[in-house]
Amino acid sequence: PNFTGLNYWIRVIAKALFTPAIHVTVLYRISAALYKFPLTMPLAFPLRTFAIIWAGTEIHPSVKIGPGLCIVHSQKVVIGPGVVIGSNLRIHHGCTIAGDLGRGVTPSTACPVLGDDVTIGLDAYVMGPVTVGDGAIIGAQSLVNKDVEPYTLVAGSPAKLIRNLG
């Protein structure tokens with residue numbers, strides 16, 4: 001099909017109106033903006049709850065995500081409080097990115113930090129105080145519990161280096 005001119009814009013608008021992953025991203029951006037101010041912070045949580053009910057995705061309003069978030073399929077995606085994510089994250093369904101907050105530590109020391117242009121395969125977990133470098137790819141069903149170097153492909157449980165991409 002030829003997606004130029006009017007056909008292109010019809011497709012863009014239809015995708016924005018009917019794709020739950022787009023709805024989740026918009027709801028997250030609004031809830032994150034509300035979360036920044038004490039007066040509007042309580043309003044952020046009903047939006048998060050609506051995103052969970054509507055599309056099966058939970059992104060805590062305190063998460064910092066750069067531009068270009070791409071949720072491939074919105075089901076079973078969880079991004080916990082305190083996580084920091086760079087621009088152009090591509091995340092598939094069934095993924096969890098969360099810190100280890102159950103041991104009396106703060107989000108700034110216990111949560112994952114993901115660089116720019118990271119791709120996370122389906123059903124992968126990024127847990128604890130780890131850093132995932134720019135351009136890294138995490139394979140499907142992987143458990144990342146150690147730092148991932150930039151421009152590498154890791155996979156497995158626990159995740160191991162498969163190859164360098166740079």
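Side-chain contact between Ile138 and Thr119 is absent, with no heavy-atom pair separated by less than 4.5 Å. Between Val78 and Ile97 the shortest side-chain heavy-atom distance does not fall below 4.5 Å. A heavy-atom distance below 4.5 Å is found between the side chains of Asp134 and Tyr151. The side-chain heavy atoms of Ser74 and Ile71, taken from C-beta on, include a pair separated by under 4.5 Å. Proximity of Arg29 to Leu69: side-chain heavy atoms (C-beta onward) are separated by under 4.5 Å at one or more points. By the 4.5 Å heavy-atom criterion applied to side chains, Val72 and Arg90 are counted as neighbours. Annotation: side chain of Ile59 is not in contact with side chain of Arg48 (no heavy-atom distance under 4.5 Å).
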> Are Leu114 and Leu89 close enough, and set up right, to give a side-chain contact (heavy atoms from CB on, under 4.5 Å), and what steps lead you there?
Replying inline: CA-CA 8 Å; Leu114 282 64; Leu89 171 70; 4.0 Å; yes
>> Test side-chain contact (heavy atoms from CB on, under 4.5 Å) on Ile10 and Val12; report intermediate values, then the result.
In response: CA-CA 6 Å; Ile10 290 171; Val12 167; over 6 Å; no
> For Val132 and Val126, what are the C-alpha separation, side-chain angles and deciding distance, and is it a side-chain contact (heavy atoms from CB on, under 4.5 Å)?
Replying inline: CA-CA 9 Å; Val132 178; Val126 180; 4.3 Å; yes
> Would Lys160 and Val154 satisfy side-chain contact (heavy atoms from CB on, under 4.5 Å), going step by step from the backbone distance to the final call?
Replying inline: CA-CA 5 Å; Lys160 294 183 179 8; Val154 297; over 6 Å; no
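For the residue pair Pro42 and Pro46, the shortest heavy atom distance occurs at O-CD, 3.0 Å. Across all their heavy atoms, Val148 and Ala136 have their closest contact at CG1-CB, 3.8 Å. Contact between Ser31 and Pro61 at its shortest, heavy atoms only, is O-CB, 3.8 Å. Closest of all the heavy-atom pairs between Gly139 and Ala124 is O-CB, 3.8 Å. Closest approach of Val63 to Gly80, counting heavy atoms only: CG2-O, 3.0 Å.
Summarising the geometry, atom NZ belonging to Lys36 is positioned 12.0 Å from atom OG belonging to Ser62; distances are rounded to the nearest 0.5 Å. Considering CD1 of Ile65 and CD1 of Ile91, their distance stands at 8.5 Å, rounded to 0.5 Å.
Checking side-chain atoms of Asp147 against main-chain N and O of Thr131 turns up a donor-acceptor pair under 3.5 Å. Side-chain atoms of His23 come within 3.5 Å of backbone N or O of Leu17 as a donor-acceptor pair. At distances below 3.5 Å, at least one donor-acceptor pair connects side-chain atoms of Ser142 with backbone N or O atoms of Gly156. Checked by atom type and distance alone, the side chain of Gln75 pairs as donor or acceptor with a backbone atom of Ala55 at under 3.5 Å. Under a 3.5 Å cut-off, the side chain of Asp116 and the backbone N or O of Ser87 do form a donor-acceptor pair. For Thr19 (side chain) and Ala16 (main-chain N/O), no donor-acceptor pair under 3.5 Å exists by modelled atom type. Checked by atom type and distance alone, the side chain of His92 never pairs as donor or acceptor with a backbone atom of Asp123 at under 3.5 Å. Side-chain atoms of Thr25 come within 3.5 Å of backbone N or O of Ala21 as a donor-acceptor pair.
Under the 4.5 Å side-chain heavy-atom criterion for grouping Ile, Leu, Val, Met, Phe, Trp and Tyr, Ile137 is connected to Ile162 within one hydrophobic cluster. Residue Ile30 is grouped with residue Trp54 when hydrophobic side chains (ILVMFWY) are merged at heavy-atom distances under 4.5 angstrom, including chains of intermediate members. Taken together through direct or relayed side-chain contacts under 4.5 Å among Ile, Leu, Val, Met, Phe, Trp and Tyr, Tyr28 and Leu34 form parts of separate hydrophobic clusters. Cluster membership for Ile13 and Tyr8, using ILVMFWY side-chain heavy atoms within less than 4.5 angstrom, is not shared. Placement of Leu47 and Ile79 in two distinct hydrophobic clusters is found when ILVMFWY residues are connected by side-chain heavy-atom separations under 4.5 Å, directly or transitively.
Residues Asp117 and Asn88 have side chains that bring a donor and an acceptor to within less than 3.5 angstrom of each other. Between the side chains of Asn164 and Thr152, no donor N or O sits under 3.5 Å from an acceptor N or O.
Hydrophobic clustering, defined by side-chain heavy atoms of Ile, Leu, Val, Met, Phe, Trp and Tyr closer than 4.5 Å, groups Val113 together with Val84.
The number of heavy atoms from other shown groups lying within 6.0 Å of CD (Glu58) is above 12.
Partners of His60 under the ring pair (Phe, Tyr, Trp, His ring centres under 6.0 Å) rule, at least two apart in sequence or in another chain, are Tyr35, Phe45.
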